[in-house]
Amino acid sequence: MSVADVGETLEGRTGKPPRKRARRSGWSTGYLLLLPGLLWLLVFFVAPTIQLAATSLYDSAGSLEAGYAMTWSFGNYLDALSTYREQFVRSLIYATTATGLALLLGYPLAYAIAFKAGRFKNLMLMLVIAPFFTSFLVRTLAWKSILADNGAVVETLKSVGILAPDGRLLATSVAVITGLTYNFLPFMVLPLYASLEKIDPRLLEAGKDLYANGFTAFRKITVPLSMPGVVAGTLLTFIPAAGDYINSELLGTPRQYMIGNVIDNTFLVQLNYPIAAACSVVLMVVVVVMVLLYVRRAGTEDLV
Amino acid sequence: MNRLQLLGRWTAERMTVFVAGVVLVYMFLPIFFVGLMSFNDPTSRLAYEFQGFTWDNWRDPCSPVGMCDSLVSSLQIAFLATIGATILGTLVAFALIRHRFRGRAPTSLLIFLPMATPEVVMGSSLLALFSSAGLAGNLGFWSILVAHIMFCLSFVVVTVKARLAGLDFRYEQAAMDLYANEWQTFWRVTFPLVFPGILAAALLSFSLSFDDYIITNFNHGNTITFPMFVWGSAQRGIPPQVNVVGTTMFLIALLLVLSTGLLQRRRSR
């Protein structure tokens, strides 16, 4: 396995479709190969999604023990949106900020790996995916130590005057966004790297021959050619960040709660399935619409 | 080119490398802290600061009640989910690249959607399905496994598909020309060529499954996985042994990645 395979994979979602190969077997083999996998997705992905949509329209006056009645209560959506508007908005703001930061941090890293790393290229790629293999939760909890009230980071910021003497980072939006950016950064770097690495260096030479300076060449050649990676990376960062509630729970307080916290709590603690399902459906619709708009604008039609 | 431009270019060249270095530090800071905290000797349970050095956590990693049990559950689930998802996903990838069938567009969409859906949505919809089917009381190992195979499947399909799409079809034609039958061609030529992709997909599945908290949390019943154990203990105060597990996982992964890298280099020589 090469590390580039993983990057290739992540980028493959929005990359160009493969060339059609010569077909040796007839039609039936294709269906047989597809059947088990697609059936699995139908039963454990499509059916649950339909059930989720149905649950969101149940009468919210019912209870889990007594059972819910299907009353087509579209009012659940109004309830969910008005009660949890703050968390919805916060999720979008946090996820957008984290995605922007990840792009800002990930681009130079991916660029350096693709063009400057030389023989350390593979080593650096390994370093990028290595954190994947340590538990997400354990790594997030480590931020609690890093940002601790009398830790080095807080003390430094205080001495420079960025942070007030009684200020703290833990339990603030800064901590949650730091955690989100950190956790999803590899999802940004790998597709960016995969698209940057494909750029033919001769194009850049040609640009320079035509009197483009380094910056112009970067802006007019490198950036446009790396767009598939930017699109894939942005989506791969934004989607999990918008639904995440591990960072806001572990690094924030209820004042930093995102919509994921609400869905988790409403489903599992309050046991109010219809409202929780309505929140879930809204989140899904927002994400899917944004993905489709974004993919269409960026011009990559083939998803898989 | 004047001096100013040269200076500009010089800083630009160094800047990217410098920023990249800073970003790598950002990515590794938590891992460094996980390693550090694995030697922590906390005075109170809710301490997140380093208070004293001890070897005890490494000598007796299983001392927190339930931690090693949860680790075993996670490993079992990740192992089985990897096998399930890798087989199902590889078959789908072969169908997508090598075979004709109707409904290619909806199939691609169906494979893409689980990757574009936030985990919290998938977890909650599975719970909605299971509870409407009257299974809410029987959730556990099996429901976690089923869910993990579901969300790993799409990642396997894209990984294997990428490898398969980059394969030179002429190798297989050559084998056939040399009188290999379809079966021999597949096992002697196609499969070994696709294998790195399958291995990458399996590793990806394993880490996705092992690390999953959100989807598991909705469907776990009474089964506690390692991420669930960590979450639960984060409320009460995290035992430093959790960091021993984190560090060990990191070291194993590093060893694995480095050895495959070396192996690949030797083979390509």
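Protein chains get the first letters and strands the later ones, always in sequence-line order, with residue 1 at the start of each.
For A:Ala148, the part sitting under 4.5 Å from any heavy atom of chain B is the side chain, from C-beta outward, and nothing else. Both the backbone and the side chain of B:Met150 come within contact range of chain A, with heavy atoms under 4.5 Å apart. Both the backbone and the side chain of A:Thr181 come within contact range of chain B, with heavy atoms under 4.5 Å apart. If you measure heavy-atom distances from B:Ile149 to chain A, the contacts under 4.5 Å come from both the backbone and the side chain. With a 4.5 angstrom heavy-atom cutoff, A:Val43 touches chain B only via backbone atoms. For chain B, the nearby part of A:Leu268 is the side chain; its heavy atoms alone come within less than 4.5 Å. Of the two parts of B:Ser131, only the side chain, counted from C-beta on, holds a non-hydrogen atom closer than 4.5 Å to a non-hydrogen atom of chain A. Heavy atoms closer than 4.5 Å to chain B are found nowhere in A:Ile113, neither backbone nor side chain. B:Tyr213 touches chain A through its side chain: at least one heavy atom from C-beta onward sits under 4.5 Å away, while N, CA, C and O do not. No part of B:Asp212 comes within reach of chain A, as not one of its non-hydrogen atoms sits under 4.5 angstrom from that chain. With a 4.5 Å cut-off on non-hydrogen atoms, B:Leu113 touches chain A through its backbone and its side chain both. The contact between A:Thr55 and chain B is made entirely by side chain atoms (from C-beta outward), counting heavy-atom distances below 4.5 Å. With a threshold of 4.5 angstrom between heavy atoms, A:Phe44 approaches chain B through its backbone and through its side chain. For B:Leu254, the part lying near chain A is the side chain, with the backbone staying farther off; criterion is any non-hydrogen pair under 4.5 Å. If you measure heavy-atom distances from A:Leu127 to chain B, the contacts under 4.5 Å come from both the backbone and the side chain. Neither the backbone nor the side chain of A:Asp149 comes within less than 4.5 Å of any heavy atom in chain B. Of the atoms belonging to B:Phe210, not a single heavy atom falls under 4.5 Å from chain A. Contact of A:Tyr111 with chain B is made through the side chain alone, with heavy-atom distances under 4.5 Å. For A:Pro36, the parts lying near chain B are the backbone and the side chain together; criterion is any non-hydrogen pair under 4.5 Å.
In terms of modelled atom types and a separation under 3.5 Å, the side chain of A:Asp264 and the main chain of A:Asn261 share no donor-acceptor contact. For the pair A:Asn183 (side chain) and A:Gly179 (backbone), a donor-acceptor distance under 3.5 Å is present. Proximity of a side-chain donor or acceptor of B:Asp211 to a complementary backbone N or O of A:Phe136 within less than 3.5 Å is detected. A:Lys144 places a side-chain N or O within 3.5 Å of a backbone atom of A:Leu250 that can act as its donor or acceptor partner. A side-chain donor-acceptor contact under 3.5 Å links A:Arg139 to the backbone of A:Thr134. Remark: side-chain polar atoms of B:Ser233 are not paired, donor with acceptor, to backbone N or O of B:Ile238 under 3.5 angstrom.
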So B:Met176 and B:Glu182, side-chain contact (heavy atoms from CB on, under 4.5 Å) or not? Walk me through it. CA-CA 7 Å; B:Met176 301 279 244; B:Glu182 287 212 359; 4.0 Å; yes
Subject >> Test side-chain contact (heavy atoms from CB on, under 4.5 Å) applied to A:Thr49 and A:Met284, step by step >> reply: CA-CA 10 Å; A:Thr49 310; A:Met284 182 169 180; 3.8 Å; yes
(Q) Checking B:Val120 against A:Phe267 for the side-chain contact (heavy atoms from CB on, under 4.5 Å) test, could you report, in this order, the C-alpha distance in whole Å, the side-chain angles of both residues, the deciding distance, and whether it holds? (A) CA-CA 11 Å; B:Val120 65; A:Phe267 255 116; over 6 Å; no
inquiry  = Assess the residue pair B:Val158 and B:Met115 against the criterion (side-chain contact (heavy atoms from CB on, under 4.5 Å)); give the C-alpha distance rounded to whole Å, side-chain angles, the decisive distance to 0.1 Å, and a yes or no.
reply    = CA-CA 10 Å; B:Val158 262; B:Met115 296 188 292; 4.0 Å; yes
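Put simply, the side chain of A:Pro131 reaches to within 4.5 Å of the side chain of B:Ile31, judged on heavy atoms. Side-chain contact between A:Thr140 and A:Tyr182 is absent, with no heavy-atom pair separated by less than 4.5 Å.
Interface summary for chain A: among B:Val22, B:Leu24, B:Ile252, B:Asn243, the most heavy-atom pairs under 4.5 angstrom belong to B:Leu24. Chain A forms more heavy-atom pairs under 4.5 Å with one residue of B:Ala136, B:Pro118, B:Ser125 than with any other, namely B:Ser125. No other option in B:Ala20, B:Ala128, B:Ala95, B:Pro30 has as many heavy-atom pairs under 4.5 Å with chain A as B:Pro30. Chosen from B:Pro114, B:Gly246, B:Pro227, B:Ser132, the residue pairing most often with chain A at heavy-atom distances under 4.5 Å is B:Pro114. The residue among A:Val189, A:Ile263, A:Leu34 with the most heavy atom pairs within less than 4.5 Å of chain B is A:Leu34. For the set A:Gly243, A:Ser145, A:Pro240, the count of heavy-atom pairs under 4.5 angstrom toward chain B peaks at A:Ser145. When B:Thr248, B:Ile198, B:Leu88, B:Leu256 are compared by the number of non-hydrogen pairs under 4.5 Å with chain A, B:Leu88 comes out ahead. Heavy-atom pairs under 4.5 Å with chain B were tallied for A:Pro108, A:Ala117, A:Ser135; the largest tally goes to A:Ser135. Taking chain A as the reference chain and counting heavy-atom pairs below 4.5 Å, the highest number among B:Ile214, B:Leu153, B:Val17, B:Val19 is found for B:Ile214.
Annotation: A:Met70, atom CE; neighbour count of heavy atoms from other residues, nucleotides and ligands within 6.0 Å is above 12.
Atom-to-atom distance recorded for B:Leu91:CG and A:Leu35:CG is 10.5 Å, nearest 0.5 angstrom.
Each of B:Tyr26, B:Phe33, B:Phe32 was evaluated against A:Trp143; a single residue qualifies, B:Tyr26, per the ring pair (Phe, Tyr, Trp, His ring centres under 6.0 Å) test.
Using bins of under 30°, 30° to 60° and over 60° for the plane-to-plane angle, the ring pair A:Phe218/A:Tyr107 lands in the perpendicular bin.
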